[in-house]
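Before any comments, here is the structure.
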Amino acid sequence: MPELPDVEGFRNVLQSCAKGRTIRRVDVRDPGVLHGVSARRLRDSLEGRRVTRAERHGKWLLARTGGPTLALHFGMTGLLLCADPDDAAEPHDRVLLTVGRDHQLRYRDQRKLQGLRLADDDFDVVRLLRDQGPDALTVDREEFEDVLASHRGRVKSVLIDQSALAGLGNLLADEILWRAGLRPNTPANVLAEPERRRLYTEMRRTLRPAVAACRVPPRPTWLTGHRDDPDPHCPRCGTHLRRTRMAGRTTVWCPGARRRGVRAADDFETTARRARAGSGSR
DNA sequence: CAGATTGTTCTCAT
DNA sequence: TATGAGAACAATCT
């Protein structure tokens with residue numbers, strides 16, 4: 001589940017739950033989620049330290065302490081929540097961090113595909129993020145277009161390749177390509193300038209509401225709202241949606257006419273904006 | 001029971 | 001060197 005918007009939500013959880021508070025207790029209930037660090041060393045490194053900053057790069061969440069940094073990755077099913085330390089933990093709560101007097105961060109994950117790491121210092125953080133591309137939420141248009149121009153692979157593969165661009169997952173990539181009216185199997189480096197520009201614009205237009213919702217919202221006007229339908233149709237043009245496999249992931253796309261669909265989407269957003277502005281000013 | 005899953009990483013082939 | 005396919009990882013659901 002967790003893609004950039006979800007992790008951005010977890011960053012807010014981390015921020016509001018722990019920022020400025022001291023880590024009083026580290027309770028590793030399942031060491032299976034720890035990577036490269038023992039439960040003991042994690043505890044000894046973190047207990048007594050204060051959480052100073054919550055940062056995110058791509059799908060990585062970082063809890064800075066001024067000394068070591070806790071790095072969290074949520075795989076497909078992970079999440080972070082803030083609870084009362086007195087509330088009973090659930091079976092999939094793998095690590096509990098009691099912060100301050102009455103807050104507790106809980107790393108919960110049904111599976112254990114990813115997990116927690118400890119970076120001893122800032123060099124370690126750099127090492128951890130070394131292979132990550134620019135963050136999808138903050139990358140500027142020029143750099144984004146450079147990413148496209150420098151990859152010959154299919155544009156969908158490039159969008160979900162964390163070393164090319166960090167943060168997008170399977171749902172977001174399909175959603176953004178659909179909005180931009182581009183086929184996922186197009187080689188990234190053959191996209192013309194207007195297409196590259198459109199892709200960047202639609203990435204931003206998709207990310208903004210997704211981050212606000214802390215997920216890719218399955219709205220009726222979005223591809224994501226229909227991709228799991230038994231007989232999925234395009235919410236813009238009604239064309240029967242195609243499901244294929246690309247880069248090992250289920251890929252949903254609309255084989256219908258393209259420019260028309262893009263305008264329809266633009267019109268929808270513009271109309272919605274006007275409606276809001278109108279109702280607000282009257 | 002087979003097959004699927006919104007993530008990453010590795011191996012092998014092209 | 002770059003890219004793609006497939007498997008592996010863990011746990012659950014259809």
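This one's a predicted model, so the numbers in the text were calculated from it and none came from an experiment. Labels below follow one simple rule: chain letters A, B, ... track the order of the sequence lines, proteins then strands, and each chain is numbered from 1.
- When the side-chain nitrogen and oxygen atoms of A:R245 are compared with OP1 and OP2 of B:dT5, one or more of them lie within a distance under 4.0 Å.
- Interface limits on DNA chain C: the 5'-most and 3'-most nucleotides within less than 4.0 Å of chain A heavy atoms are C:dA2 to C:dT12.
- Across the protein-nucleic acid pair, A:H35 atom NE2 and B:dG7 atom C1' stand 11 Å apart, rounded to whole Å.
- No hydrogens or angles considered: nothing links the side chains of A:K19 and A:T52 as a donor-acceptor pair under 3.5 Å.
- Between A:C237 and A:C254 the SG-SG gap reaches or exceeds 2.5 angstrom.
- The stretch residues 110-117 of chain A touches DNA chain B through A:R111, A:L113, A:Q114, each having a heavy atom under 4.0 angstrom from the strand.
- Regarding contacts with the backbone of B:dG7, a side-chain N or O of A:R249 is found under 4.0 angstrom from either OP1 or OP2.
- When the C1' atom is compared between B:dT6 and C:dT3, the two are found 23 Å apart, to the nearest whole Å.
- No side-chain donor from either of A:R130 and A:Q132 sits under 3.5 Å from a side-chain acceptor of the other.
- Heavy-atom contacts from other residues, nucleotides or ligands closer than 6.0 Å to CZ of A:R53 number 12 or fewer.
- Distance A:Q132 CD to B:dT9 C1': 13 Å, rounded to the nearest Å.
- Between A:D109 atom CG and B:dT6 atom P there is a gap of 15 Å when expressed in whole angstrom units.
- For the pair A:L207 CG and B:dT6 P, the interatomic distance rounds to 18 Å; values are reported in whole Å.
- The cationic group of A:R236 lies under 6.0 Å from the six-membered ring centre of A:W178 and within 45° of the ring axis, placing it in a cation-pi geometry.
- B:dT6 atom C1' lies 12 Å from atom CD of A:Q162, rounded to whole Å.
- One can place CG of A:D161 at 10 Å from P of B:dT9, the figure rounded to the nearest angstrom.
- Atom CG in A:L61 sits roughly 17 Å away from atom P in B:dG7 (whole-Å rounding).
- The shortest side-chain heavy-atom distance between A:T65 and A:L70 does not fall under the 4.5 Å cut-off.
- A 3.5 Å limit on both hydrogen-bonding distances identifies B:dA13 as the Watson-Crick or G-U partner of C:dT3.
- A:T206 and A:E175 share no side-chain donor-acceptor pair at under 3.5 Å.
- Figure legend: cation-pi geometry between A:R243 and A:W253 absent, as NZ or CZ is not positioned both under 6.0 Å from the six-membered ring centre and within 45° of its axis.
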